[in-house]
Engineer: 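One structure is given below, represented as structure tokens, and several questions about it will come after.
A, B, ... follow the sequence lines: proteins, then strands. Residue 1 opens every chain. Keep in mind that what you see is a predicted model, and the values were worked out from it rather than measured.
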Amino acid sequence: MVDVLVCIKRVPDVGGQVLLTADEQAVDGRYVGFTVSNHENSAVELAIRIAEATGGTVTLLTVGPAEAAEQLRATLALGAHAAIHVEADPAALGPADIAREIATVVTEKEAAGADYDLILLGNDAADTGDFQVGIRVAYALDRPVVGGVSAVEVADGSLTATGAGTDGEVSYAVPLPAVATVLEGGAEPRYPTLKGRMAAKKVEIETRQLAGAPSGAQRVRLTLPPPAPSTVEVLGEGPEAAGAVVDLFERLGVAR
Amino acid sequence: MILVWVETEAGGLSEISLETLAFARSLAEAGGGIAIRAVLFGEVEDHEAASRELGAHGVGEVRQVVGEAFTSYAAAAWAAALQELRASTGSVVVTAAGSQRGNEVLAHLAARLDVPMAANVVSFDGLAPFVVTRQVVGGAAFEEMRLDRRPALFTVAGHSWTAVEVSDPAPATWVEERPEVAPADLLARVVATRTKAADGADDLKTAKVVVGAGRGAGGPDGFGAVAELAELLGGTVGVSRVVTSLGWRPHHEQVGQTGSRIAPDLYIPCGISGAIQHWAGCASSKTILAINTDPEAPMMTKATYAVIGDMHEVVPAIVDELRARR
Ligand SMILES: Cc1cc2nc3c(=O)[nH]c(=O)nc-3n(C[C@H](O)[C@H](O)[C@H](O)COP(=O)(O)OP(=O)(O)OC[C@H]3O[C@@H](n4cnc5c(N)ncnc54)[C@H](O)[C@@H]3O)c2cc1C
Ligand SMILES: Nc1ncnc2c1ncn2[C@@H]1O[C@H](COP(=O)(O)O)[C@@H](O)[C@H]1O
């Protein structure tokens, strides 16, 4: 039985175009939807598979605004069992603050009888992209951490994980309890079922307050790249453009 | 002192690490001529060539970390070694390339030293306070971040700088180091590597024509016409990171910040949105012809030419037309 904790973050679903808040401290979420990063969706999928295979559980944890309950519910519907919500304004927190909050929850829950043999996080969050919360969590809990893995398995008290390395696919074997940060690609996330949605509605999300005073994100401000004037020449639409494209190849001297 | 971890790749120095050295040199000059030390892990095929190359990129001294503990990758152990070298050299800045490993090892170092770490930095804006600009929101925005504590730790986004050699190069001095490593730092260590098959990245870097494909390819079977077009034009296939992460195509075909930087006469990105991290790898293409269903996609507005449409219809039509004109 392996109990997995997965840390997910509510992030704006920007699809390339972003607007900033007036204080330039965050992405303006008023005109965009919110979601959970692909890496974390993959982590959730891996966690559910491990829980299913071992008769264990999946607990979700987020540090975020009240609205982040939406992401917890949506993810619960995939088959997670419990959810913990540390309510906080994410713009006021840096990655070290978030890691400390996560580690505090783990320490307190484990003191009360829980055992998170495996903690999964994304490799990097889609908004702040700090590439470090998982690693800081591991140090705070004094556990080994593997980074950037896309497949994980648990057997005999140990975690085996694989991911893309510099020179090919690399694997790790690490004693539990352990932390892993996940890159998408190893496990196709499932869709929620109606039964899953119904079950998720019944789960009581545990809400908590920040455990410590945040030290902040060292953020001066966010900026947007300058708009680049487009000078593109549209050759046409659909397959009918093929003639114009091959004319271009001939002009460029690439059609052999 | 600025300490730069230089990654090795197939026995040589990685291109994005050399770019990181260009960033470090610019920072060193702004700081009034700070010395740059490089750190290398593991074996290097040719010491002399490496010390000449590092010298040419502004490094005065190299510390090569050797010993059994460093024969395979272990982020914690490598960070422990950097921590020790940071202390013994009194470095105020430690930096590395914004690769997966660069970000990972620097995050370990940050956690060990309890200081902030800035990932994927593209420039620095001031020294006192030390402010860097880095990519956030998948490259759609930038963040100016203060790094007040010392050492300042950051990684440099791939292909955001160009590697340039100094005008008066001298080979870097070579020093071997054998740091002690605590057993706990070796728990999460690479235990096996499945080496990739023949690396085709060199084809990509020298090809005159690259036909690109992204998520718009739709799946591992969506590359047939793209590969055919590449072949007809005597070129090669390049893909976005989405494509390699999903395992549709091998990593060596990836174009971008964490893949190859290409500079063909013609790049034809099909079903690629043109995120900044992809653009970093293809911006040097002489001509870009984008094919995309979305005329508003960044690739479509930044390209030289565009065709609006479904790549699964447009690319086969181009292939047919090319064949018909032969
Ligand atoms: C640190 C970091 C490093 C990164 N490094 C890289 C890198 O090296 N290389 C890289 O590529 N990315 C990199 N990325 C990822 C990058 O941010 C983007 O997520 C990625 O480039 C998007 O890939 P895409 O364009 O294939 O997919 P999407 O952004 O999903 O775009 C798909 C495009 O296809 C179009 N489309 C869909 N269907 C069709 C169709 N049938 N016909 C035609 N068009 C269609 C859509 O309109 C859309 O424009 C990195 C990200 C980070 C955070
Ligand atoms: N506010 C948060 N709440 C829960 N998990 C988080 C939060 N911020 C970051 N994480 C986790 O840490 C990972 C890495 O984030 P980052 O270091 O900010 O790039 C994310 O993919 C999440 O899994």
Engineer: Taking side chain as everything from C-beta outward and backbone as N, CA, C, O, which of these in B:V307 sits under 4.5 Å from a heavy atom of chain A? Side chain, backbone, both or neither.
Structural biologist: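 B:V307 touches chain A through backbone and side-chain heavy atoms alike.
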Engineer: If you check every heavy atom in residues 232-241 of chain A against those of chain B, which residues fall under 4.5 Å?
Structural biologist: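 At a heavy-atom separation under 4.5 Å, chain B is reached by A:V232, A:E233, A:V234, A:L235, A:G236, A:E237, A:G238, A:P239, A:A241.
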Engineer: Write out, in numerical order, the residues from residues 28-39 of chain A with a heavy atom short of 4.5 Å from a heavy atom in chain B.
Structural biologist: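 Answer by number: A:N38, A:H39.
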Engineer: Heavy atoms, side chains only, cut-off 4.5 Å: are A:L252 and B:T287 in contact?
Structural biologist: yes
Engineer: Check whether any side-chain heavy atom of A:E184 lies under 4.5 Å from a side-chain heavy atom of B:L246, and answer yes or no.
Structural biologist: yes
Engineer: Measuring heavy-atom distances to chain B, does A:V254 have an atom under 4.5 Å in its side chain, in its backbone, in both, or in neither?
Structural biologist: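 It is both, since atoms from each part get that close.
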Engineer: Between B:A119 and A:G129, what is the shortest heavy-atom contact and its length?
Structural biologist: CB-O, 3.8 Å
Engineer: Tell me, with the steps shown, if B:L187 and A:Y172 meet side chain to side chain contact (heavy atoms under 4.5 Å, CB included).
Structural biologist: CA-CA 9 Å; B:L187 285 176; A:Y172 299 89; over 6 Å; no
Engineer: Report which part of A:E250 has an atom under 4.5 Å of a heavy atom belonging to chain B: side chain, backbone, both, or neither.
Structural biologist: side chain
Engineer: What option among B:E9, B:K208, B:R189 has the most heavy-atom pairs under 4.5 Å with chain A?
Structural biologist: B:R189
Engineer: Checking heavy atoms, do the side chain of A:L222, its backbone, both or neither come under 4.5 Å from chain B?
Structural biologist: both
Engineer: Check whether any side-chain N or O of B:R325 sits under 3.5 Å from a backbone N or O of A:G243 as a donor-acceptor pair, and report yes or no.
Structural biologist: yes
Engineer: Between B:H108 and A:V145, is a side chain to side chain contact (heavy atoms under 4.5 Å, CB included) present by the stated rule, with each step listed?
Structural biologist: CA-CA 10 Å; B:H108 273 262; A:V145 54; 3.5 Å; yes
Engineer: Side chain, backbone, both or neither: which part of A:P225 has a heavy atom under 4.5 Å from chain B?
Structural biologist: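 For A:P225, backbone and side chain are both near chain B.
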Engineer: So which part of A:L248 gets closer than 4.5 Å to some heavy atom of chain B, the side chain, the backbone, both or neither?
Structural biologist: side chain
Engineer: Would you indicate whether the side-chain heavy atoms of B:L266 and A:F249 approach each other to under 4.5 Å?
Structural biologist: yes
Engineer: Side chain, backbone, both or neither: which part of B:S14 has a non-hydrogen atom closer than 4.5 Å to chain A?
Structural biologist: neither
Engineer: Considering only heavy atoms, give the residues of residues 130-138 of chain B separated from chain A by less than 4.5 Å, sorted numerically, with 'none' for an empty result.
Structural biologist: B:V131, B:R134, B:V136, B:V137, B:G138
Engineer: Return each pair, listed once, that meets side-chain hydrogen bond (donor to acceptor under 3.5 Å, both in side chains) where at least one residue sits in residues 289-317 of chain B; pairs must be two or more places apart or across chains.
Structural biologist: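 Found none.
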Engineer: Evaluate the criterion side chain to side chain contact (heavy atoms under 4.5 Å, CB included) for residue pair B:M145 and A:R219; output intermediate values, then yes/no.
Structural biologist: CA-CA 5 Å; B:M145 179 177 172; A:R219 180 179 303 119; over 6 Å; no
Engineer: Identify which part of A:V246 has an atom lying under 4.5 Å from any heavy atom of chain B, answering side chain, backbone, both or neither.
Structural biologist: both
Engineer: Check whether any side-chain heavy atom of B:E104 sits under 4.5 Å from a side-chain heavy atom of A:I135, and report yes or no.
Structural biologist: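 When only atoms from C-beta onward are counted, A:I135 and B:E104 do touch, with a gap below 4.5 Å.
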Engineer: Of the backbone (N, CA, C, O) and the side chain (C-beta and beyond), which part of A:Y139 lies under 4.5 Å from a heavy atom of chain B, both, or neither?
Structural biologist: side chain
Engineer: Does the side chain to side chain contact (heavy atoms under 4.5 Å, CB included) test come out yes or no for B:Q100 and A:L183, once each step is laid out?
Structural biologist: CA-CA 10 Å; B:Q100 175 61 29; A:L183 278 176; 4.0 Å; yes
Engineer: Could you look at A:N123 and say if it's the side chain, the backbone, both or neither that has a heavy atom under 4.5 Å from chain B?
Structural biologist: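 Just the side chain, heavy atoms under 4.5 Å.
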Engineer: Under a 4.5 Å heavy-atom cut-off, does chain A meet the side chain of B:V115, its backbone, both or neither?
Structural biologist: backbone
Engineer: Distance check, rounded to the nearest 0.5 Å: B:E143 atom CD versus A:E24 atom CD?
Structural biologist: 12.0 Å
Engineer: Under a 4.5 Å heavy-atom cutoff, which of B:A275, B:A110, B:G309 has the most pairs with chain A?
Structural biologist: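 When all of B:A275, B:A110, B:G309 are compared, B:A110 has the most.
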Engineer: Between B:K286, B:R326, B:M117, which has the largest tally of heavy atom pairs under 4.5 Å with chain A?
Structural biologist: B:M117
Engineer: Rounded to the nearest 0.5 Å, how far does OG1 of B:T193 lie from CD of A:E169?
Structural biologist: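 Reported value, rounded in 0.5 Å steps: 9.5 Å.
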Engineer: Give the minimum heavy-atom separation between A:Q132 and B:A107, together with the two atoms involved.
Structural biologist: CB-CB, 3.7 Å
Engineer: At a heavy-atom separation under 4.5 Å, does B:N120 approach chain A through its side chain, its backbone, both, or neither?
Structural biologist: side chain
